[in-house]
Amino acid sequence: MISEKMQKALNDQIQAEMFSSYLYLSMSACFNSVNMDGMAQWMKVQSREENGHAMKIYSYLIERGGKVELQAIEKPQTTWATPLDAFKDAYKHELYITGRINDLVKLAYDEGDIATLTFLQWFVTEQVEEEANASKIVAMLEMIGESKNGLFMMDHNLGKRE
Ligand code: FEO
């Protein structure tokens, strides 16, 4: 049986992952509205991944005899001036999520909850990848600058994500 404290923290993380999903879907819609369909596709896949993260915690909580309590998801930002702005925000958001995962690890450790500690290892590894992906795209967009050709190519490449 999972502790009340850990259960609350994991429920909060379900909300954070659902918000991530919502935020990236909002970025996807923004990209679609300016015909950057490749970047929109990349963000849509990312949004689906975040939903998967939330569901992973959802299933784990139930498996541990805990109770899932879904919470309200706030309205995300809906427009970004440039692709660089959006991906910078995505990167910033991933840093925030990493911080949250680290706090969960600390809590599991303090609670002596070895099962949750082990469960969270997947998220620790995942965050390394998530941060790297977003920061690489930010760096590339910074390199491209105002180049329309560069943006066109980048949009095409990001659209290959499945
Ligand atoms: Fe679920 Fe992008 O962290």
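Counting convention: from 1, in listed order, for ligands and their atoms alike.
At a threshold of 2.8 Å, atom 2 (Fe) of ligand 1 has no backbone or side-chain N, O or S atom of E49 nearer than that distance. Atom 1 (Fe) of ligand 1 has an N, O or S atom of E17 under 2.8 Å away, backbone or side chain.
Taking the centre of each ring, W42 and Y24 stay at or above the 6.0 Å mark.
Hydrophobic clustering of Ile, Leu, Val, Met, Phe, Trp and Tyr side chains at less than 4.5 Å, counting indirect connections, unites L23 with I73.
If you check the side chains of K160 and N157, you find a donor sitting under 3.5 Å from an acceptor. Neither side chain, S21 nor E50, offers a donor N or O lying under 3.5 Å from an acceptor on the other.
Here the angle at atom 2 (Fe) of ligand 1 defined by OE1 in E130 and OE2 in E94 stands at 110°, rounded to 10 degrees.
Within a 6.0 Å sphere centred on CG of D110, heavy atoms belonging to other residues, nucleotides or ligands number more than 12.
When distances from atom 1 (Fe) of ligand 1 to the N, O or S atoms of H53 are compared, ND1 comes out shortest. For atom 2 (Fe) of ligand 1, the nearest N, O or S atom contributed by E50 is named OE2.
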